[in-house]
Amino acid sequence: MLSTTHIRDNKKQVLEGLAKRNFKDAEKTIDSVLDTDERKRAAQTALDQVLAESNKLSKEIGIMFKSGEVQKANILKEKTSQLKEKSKELSELKMQMETELNELLYQIPNIPHPLVPAGSSEEDNEVVFEHGEIPTLNENALPHWELGKKYDIIDFDLGNKITGAGFPVYKGKGAKLQRALIAYFLDKNTEAGYTEVQPPLVINEASGYGTGQLPDKEGQMYHIGADDLYLIPTAEVPVTNFYRDTLLKEDDFPICNTAYTPCFRREAGSYGSHVRGLNRLHQFDKVEIVRIEHPENSYAALDSMVEHVKGILNELGLPYRILRLCGGDLGFTSALTYDFEVYSTAQSRWLEISSVSNFETFQANRLKLRFKNKTGKSQLAHTLNGSSLALPRVLAGLLENCQTEKGIVIPEVLRPYTGFEVIN
RNA sequence: GGAGAAAUGGCAGAGUGGUCGAAUGCACUGGUCUUGAAAACCAGCGAGGGUCACACCUCCGGGGGUUCGAAUCCCUCUUUCUCCGCCA
């Protein structure tokens, strides 16, 4: 959520940013934010004055009672009763303004970084880096869902039976490969200075608001009605919310966490061939990296996260590219996002396997995540996160690109984790 | 699941209806002293809103209520602790 003071002080820049995102009615929305904010503050000021008067009188009444001037006190009591009614009205007005203001602010996405290219769809994303050679596979190369069946390592039908579509069962070497990838990713992240954490897999409503899943993306999360909790769509949510309502010191930075969790997404409205196999699931595994940074360092941190993910993909030997997302494809809460895509040779398409973003103060504002700066004032921190990495599509790319006539050859770096070299 | 107790500033911990945003100690920051450090002493030290700056307003787990006035009384929710039950 953007802060009203930021909007007030940088109106022009905000409008330009929203234009880059093709945000409709930007001017109208921003104007009504500013107007509502002004009315909110007017109500606040009026309320404060009434309360000040009432506090003063109450103190006087106290003194009168002590000195026995009961009659005089009773006259003042009348007066404060009136003030009380007035304050009730004003505080209702103020709350109403606050609600209206928040509803407006919840609709406004983050302002894109200047590097974000203009554009309306994924076609306008900018390819900033490519690496690795696309392997030439033999003629009867298979997509991963066929490979999963052939080697009996991924069972979509079994998952279908016990739960439903989008919940595969990993078996044998497939299950072990999953575990190997998780352990490998966590080790790489830990080596790079991230502290491993294990968060809960369900979150409460406040956490959903903190990172921006609520109120707008409610339908994307699984909701547990009886306890009013949500299954996490990504480790970003619980881990970033560790720092909700927190006042940090400058030397607490940087805060670097990594977490493996399953992720649960309803993916309402997704269908068709691009969701086939592991391409899009309701439950999948992901290792996430989350950072809390000083605003001055957040873009250096973003770059270092990108370099880190690159390092892992280089080691795995998968062909990949990095995209800078355009305004139209950028996530609601992000200011700048780099997507990593692995090339799936058997499907002849790119698969997104990581998304690394700087949210600047957008999440921190809702989270009330601040730090005390050098001048002693509290200031919003910057939050960042990225996948490092998401399993199913890495697995898909790996199965498809590493298939040979003898079977699927496991990349060398994973062999200490799997304990086997080939799936056949 | 049942019974009881509790929740106060970074931490510990006073405060049971009025001048309490809150004693005291520790921690922290600045200063004096010291070759330096420690100790001692002096001063400062919660957050949010508001203001050029003051004033002023809000916050003692969350929400609601009683009262002219609530950290303090009442209701409710959450969490923690103790006991009982159940279970890994």
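Everything numeric here is computed off the predicted structure, so don't read it as measured data. A, B, ... follow the sequence lines: proteins, then strands. Residue 1 opens every chain.
B/G49 and B/C87: their C1' atoms are spaced 50 Å apart (whole Å). Distance check on atom P: B/C73 versus B/U16 gives 9 Å, rounded to whole Å. Going from the C1' atom of B/G9 to that of B/C20 covers 13 Å, rounded to whole Å. Taking the C1' atoms as reference points, B/A23 lies 29 Å from B/U78, given to the whole Å. When the P atom is used for both B/G36 and B/G44, the distance is 26 Å, rounded to whole Å. For the P atoms, the distance linking B/G65 with B/C60 amounts to 15 Å, nearest Å. Taking atom P in both B/U19 and B/A70, the straight-line distance is 10 Å, to the nearest Å. Taking atom C1' on both B/G31 and B/G13, the two are 29 Å apart, rounded to the nearest angstrom.
Here A/D187 pairs with A/Y417 under the side-chain hydrogen bond (donor to acceptor under 3.5 Å, both in side chains) rule; sequence neighbours left out. Applying the side-chain hydrogen bond (donor to acceptor under 3.5 Å, both in side chains) criterion to A/E126, with sequence neighbours excluded, gives A/R324.
A side-chain donor-acceptor contact under 3.5 Å links A/Q178 and A/D285. Side-chain contact of A/R244 with A/N241: a donor-acceptor pair under 3.5 Å is present, judged by distance alone. A donor atom on one side chain and an acceptor atom on the other are found under 3.5 Å apart for A/N204 and A/S207. In this structure, a donor-acceptor pair under 3.5 Å is absent between the side chains of A/N74 and A/E78.
For the pair A/S378 and A/D48, both in contact range of RNA chain B, the more 5′-proximal nearest nucleotide belongs to A/S378.
Under the ring-ring contact (aromatic ring centres under 6.0 Å, His included) criterion, the residue pairs touching residues 148-172 of chain A are A/F167-A/H282, with sequence neighbours excluded. Applying the ring-ring contact (aromatic ring centres under 6.0 Å, His included) rule to pairs touching residues 224-247 of chain A yields A/H223-A/Y230, sequence neighbours excluded.
One finds a side-chain N or O of A/N55 lying less than 4.0 angstrom from the OP1 or OP2 phosphate oxygen of B/U58.
For the pair A/E98 CD and B/U58 C1', the interatomic distance rounds to 11 Å; values are reported in whole Å. If you take NZ of A/K56 and C1' of B/C57, they are 15 Å apart, rounded to a whole angstrom. Separating the CG atom of A/N365 from the C1' atom of B/G48 is a distance of 13 Å, rounded to the nearest angstrom. At whole-Å resolution of the value, CG in A/D245 and C1' in B/G9 are 16 Å apart. Note: CG (A/D251) to C1' (B/U29) measures 13 Å, nearest angstrom. The nearest whole Å value for the distance from the CZ atom in A/R41 to the C1' atom in B/C57 is 15 Å. A/L229 places its CG atom 10 Å from the P atom of B/U79, with the value rounded to the nearest Å. Rounded to whole angstrom, the span from the CG atom of A/L51 across to the P atom of B/G48 amounts to 21 Å.
Across all strands shown, B/U51 forms no Watson-Crick or G-U wobble pair with both key distances under 3.5 Å. The partner of B/A6 is B/U79, judged by Watson-Crick or G-U wobble contacts that both fall below 3.5 Å. Across all strands shown, the partner of B/G30 is B/C42, judged by Watson-Crick or G-U wobble contacts whose two distances both fall under 3.5 Å. With both pairing distances under 3.5 Å, B/A22 is matched to nothing as a Watson-Crick or G-U wobble pair. Partner assigned to B/U67 is none, using Watson-Crick or G-U wobble distances below 3.5 angstrom. Checking B/G1 for Watson-Crick or G-U wobble geometry (two distances, each under 3.5 Å) identifies B/C84 as its partner.
A/R291 contributes no side-chain N or O that, together with a main-chain N or O of A/L384, makes up a donor-acceptor pair within less than 3.5 Å.
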Please tabulate, one pair per line, each protein N/O and nucleotide N/O from nucleotides 66-73 of chain B that are separated by under 3.5 Å, including the distance.
residue, atom, partner, partner atom, Å
B/C68, O4', A/T80, OG1, 3.3
B/C68, O2', A/S58, OG, 3.1
B/C68, O2', A/T80, OG1, 3.2
B/G69, O4', A/S58, OG, 3.3

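Salt bridge status for A/K310 with A/E307: present, with a side-chain N to carboxylate O gap under 4.0 Å.
Contacts with RNA chain B (heavy atom under 4.0 Å) in residues 198-208 of chain A: none are found.
By the 6.0 Å and 45° rule, A/K176 does not stack over the aromatic ring of A/F420.
Using a 4.0 Å heavy-atom criterion, one finds that A/L247 contacts the sugar-phosphate atoms exclusively.
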